Amino acid sequence: MKASKIVYKPVGLALGATGGALAGAVFGQVWKKLGHDEDAPDATDEERSWREVLLAATLQGAIFAFVRAVIDRSGATAVKRLTGTWPG
């Protein structure tokens, strides 16, 4: 296993946890700005429409994927700067 992968493992885990929290906060703010309730609907929320549930799930997935990509790429770039090799 390359040294850069070993160095990146704990960094990646910490960044992943931070990214999940950040993505959740961003999603909550975006959901409020769109004029919906404070809480996004759960898939099993009987009082919410299919449209609202699917819109929330799609938006949440897109935000999480975007934030994760930004954080993973930033972490890998930082490890390359430190070790000289890409951790992939």
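Owing to the predicted nature of the structure, the values given are computational and were not obtained by experimental measurement.
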Are Leu34 and Ile63 linked, directly or through other ILVMFWY residues, by side chains that come within less than 4.5 angstrom of each other?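 Yes, same cluster.
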Establish whether Phe64 and Ile71 are linked, either directly or via other cluster members, by ILVMFWY side-chain heavy-atom contacts under 4.5 Å.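 Shared cluster, no.
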Taking everything shown except Asp39 itself, do over 12 heavy atoms lie less than 6.0 Å from its CG?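 No, not enclosed.
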CZ/Arg48: more than 12 non-hydrogen atoms of other groups inside 6.0 Å: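 Yes.
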Shortest non-hydrogen contact between Val67 and Gly19, atoms and distance: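 Residues Val67 and Gly19, closest heavy atoms: CG1-O, 3.6 Å.
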Side-chain contact test, heavy atoms from C-beta onward, threshold under 4.5 Å: evaluate it for [X] versus [Y] and give yes or no.
{"X": "Val26", "Y": "Trp31", "answer": "no"}
{"X": "Val30", "Y": "Leu59", "answer": "yes"}
{"X": "Thr44", "Y": "Val53", "answer": "no"}
{"X": "Trp86", "Y": "Thr77", "answer": "yes"}

CD of Glu52 to CD of Glu47: how many Å apart, nearest 0.5 Å?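 The CD atom of Glu47 is 11.0 Å from CD of Glu52, to the nearest 0.5 Å.
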Spatial distance of atom CG (Leu22) from atom CG (Leu15) [nearest 0.5 Å]: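 Those atoms lie 11.0 Å apart.
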